[in-house]
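Report on one structure; see the data block that follows.
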2 protein chains.
Amino acid sequence: MHHPEQGESEARERVIAVARQLFSEHGYQAVTLRDIGQALGIRHTSLYHHFPQGKEELFVEVTARRMGVYRQGLEAAIQQAGSDWRDCLHAAALWLLDQPAMHLGRMLQADMSQISAEAAMKLKEIIFASLLQPLNAVLRVALADNPEKLQRSLTIAGMFYSLIEGIDNLPASYVKGTKQELVEVVLDVFINGLK
Amino acid sequence: MHHPEQGESEARERVIAVARQLFSEHGYQAVTLRDIGQALGIRHTSLYHHFPQGKEELFVEVTARRMGVYRQGLEAAIQQAGSDWRDCLHAAALWLLDQPAMHLGRMLQADMSQISAEAAMKLKEIIFASLLQPLNAVLRVALADNPEKLQRSLTIAGMFYSLIEGIDNLPASYVKGTKQELVEVVLDVFINGLK
DNA sequence: GTCTATATGTTGATAGAC
DNA sequence: GTCTATCAACATATAGAC
């Protein structure tokens, strides 16, 4: 038996699950409250019972949870990969590509502009903490004997995500091969450079 | 004297200039025809005189032209940089960062989903041709003695843009230093890898 | 927790005068 | 080329019944 406490009724959890799927796939502006209600089989006005402040409140909650999933998944994948940082990068990359597309570019460049400045700031903090920190731990090992790059490890962690994200953006008409093959190419350049 | 031909009256050019600025900064959905009209000092309905098919037609025209500017600018920057491919990559990166933000992630992940499939396909072709091909010429030189990577040069060109784009996405609170310093870090890793 | 009814605003688009 | 007038569609949101 589970006594639901504040803000975690079952109906509310269903709302969050559906909203997460829709928001993460199509973005903040493209998903309407009617879309979410329809996917749940209820009227969109009923959503205000669970999220009195409306669409933005729902989006913030959903996105913060999504980032928690990323953080946990990344940490688990990295820890399971062992002690070789190359294996860790590999595991993180493959885990990310196994998830539904993150759409980091859209989130940072579109969604964050369409919500209030306060909500955007809060979410950006969560997004970067969730993604950068797990990878930073790996990179601190990888860059241990390179003090110059070591102090830029967060920047380099950001590069990692830009590269993984970019794999989904490249059109199949321009690049041949599966995503897994592309991961090999991308990580090869990331680790070894162009030569 | 200049006899304006089909589709290049002065008023039409003014519309395109304003729409380009607004669309490239805020994206397709966030910019309304009223916004564009207001910036021009005219009513939004007057825009239909120049673009009878409405917002999408205007966006396609504007985006296609923007990509032409990128292609020309990149080719000029690369050619001016000389024969060392490292200098060429540097010049291309600095030229891109000197431009207004490209918002490639938003374009590919949000804007392209909000227009018709035909328009999206046409624009994607133009985008990738304009960006990938100038850089591919540089990379074919850089990778000349590495046949494995050479056949992946278009993928690697895509990586270059993901990395440059990512510089604008990293929040100042997480990374210290100017954009120019970040370019150095990013290109160092791109060229030499992590070690 | 969900409903109906409704308020209120915004959007892209068309028709036709000047 | 630009205007006015107008439209249908859709958005978020509120109030109150069940």
Side-chain angles (χ1 to χ4, degrees), chain A residues 2-19 22-23 26-63 110-120, chain B residues 2-20 22-23 25-63 110-120:
Chain A
H2 179 245
H3 280 250
E5 296 163 25
Q6 288 177 358
E8 46 167 321
S9 77
E10 293 207 8
R12 193 183 135 107
E13 292 302 311
R14 272 197 302 275
V15 169
I16 291 173
V18 164
L22 290 174
F23 277 137
H26 301 109
Y28 181 72
Q29 194 152 222
V31 174
T32 69
L33 293 180
R34 282 177 167 86
D35 292 333
I36 298 169
Q38 190 172 26
L40 286 160
I42 64 177
R43 304 269 124 168
H44 73 281
T45 52
S46 303
L47 298 171
Y48 286 91
H49 175 74
H50 305 290
F51 294 91
Q53 303 194 272
K55 187 182 184 182
E56 181 174 296
E57 183 190 3
L58 175 54
F59 180 76
V60 169
E61 170 79 24
V62 153
T63 305
D111 296 349
M112 294 300 114
S113 309
Q114 291 157 358
I115 60 180
S116 70
E118 306 79 50
Chain B
H2 179 246
H3 279 248
E5 297 163 25
Q6 288 178 358
E8 46 166 322
S9 77
E10 292 207 10
R12 193 183 135 109
E13 292 301 311
R14 273 197 301 275
V15 169
I16 291 173
V18 163
R20 167 154 56 180
L22 290 173
F23 277 137
E25 180 164 354
H26 303 109
Y28 180 73
Q29 192 152 223
V31 174
T32 69
L33 292 180
R34 282 173 172 83
D35 293 333
I36 298 169
Q38 189 171 28
L40 284 161
I42 64 177
R43 305 268 127 170
H44 76 281
T45 51
S46 303
L47 298 171
Y48 287 90
H49 178 259
H50 305 288
F51 294 89
Q53 303 194 274
K55 189 182 184 183
E56 181 174 296
E57 183 190 5
L58 175 54
F59 180 75
V60 170
E61 170 78 23
V62 153
T63 305
D111 296 350
M112 293 300 113
S113 308
Q114 292 156 359
I115 59 179
S116 70
E118 305 80 49

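All values below were derived from every heavy atom in this structure, side-chain atoms included, with hydrogens, water molecules and symmetry-related copies excluded. Order of the sequence lines fixes the chain letters, A, B, ..., with proteins taken first and strands second; residue numbering starts at 1 for each chain.
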Q.
Please determine whether a side-chain nitrogen or oxygen atom of S46(A) lies at a distance below 4.0 Å from atom OP1 or OP2 of dG1(C).
A. no
Q.
It should be established whether H49(B) places a side-chain nitrogen or oxygen under 4.0 Å from OP1 or OP2 of nucleotide dG1(D).
A. yes
Q) Looking at side-chain heavy atoms only, is the closest gap between M112(A) and Y28(A) below 4.5 Å? A) no
**Q.** pair D35(A)-F23(A): side-chain heavy atoms closer than 4.5 Å
**A.** no
Q: Could you check how far CD of E57(B) sits from C1' of dT14(C), rounded to whole Å?
A: 15 Å
Q. Roughly how far, to the nearest 0.5 Å, is the OG1 atom of T63(B) from the CG atom of D111(B)?
A. 7.5 Å
Q.
Taking the side chain as everything from C-beta on, heavy atoms only, tell me whether F51(B) gets closer than 4.5 Å to E56(B).
A. no
Q.
Looking only at the side chain of R43(B) (C-beta and beyond, no hydrogens), which of the listed nucleotides dG1(D), dC3(C), dC3(D) gets closest?
A. dC3(D)
Q: State, with a plain yes or no, whether a side-chain heavy atom of F59(B) is found less than 4.5 Å away from one of V31(B).
A: no
(Q) Please report the distance, rounded to the nearest Å, between CZ in R12(A) and C1' in dT2(C). (A) 17 Å
(Q) Could you tell me how far apart L47(A) (CG) and dG1(C) (C1') are, to the nearest whole angstrom? (A) 11 Å
Q. How many Å lie between CZ on F51(A) and C1' on dT2(C), as a whole number?
A. 16 Å
Q. To the nearest 0.5 Å, how far apart are CD in Q53(B) and CD in E61(B)?
A. 12.0 Å
Q) What is the distance, rounded to the nearest whole Å, between atom CD of Q38(A) and atom P of dC3(C)? A) 12 Å
Q. How long is the line joining CZ of R14(B) and P of dG1(D), in whole Å?
A. 9 Å
**Q.** 5'-most by nearest nucleotide on DNA chain C - H50(A) or A30(B)
**A.** H50(A)
Q: Using a 4.0 Å cut-off on protein heavy atoms (strictly under), produce a 5'-to-3' string for nucleotides 11-18 of chain D with B for base contact, S for backbone-only sugar-phosphate contact, and - for none.
A: BBBB----
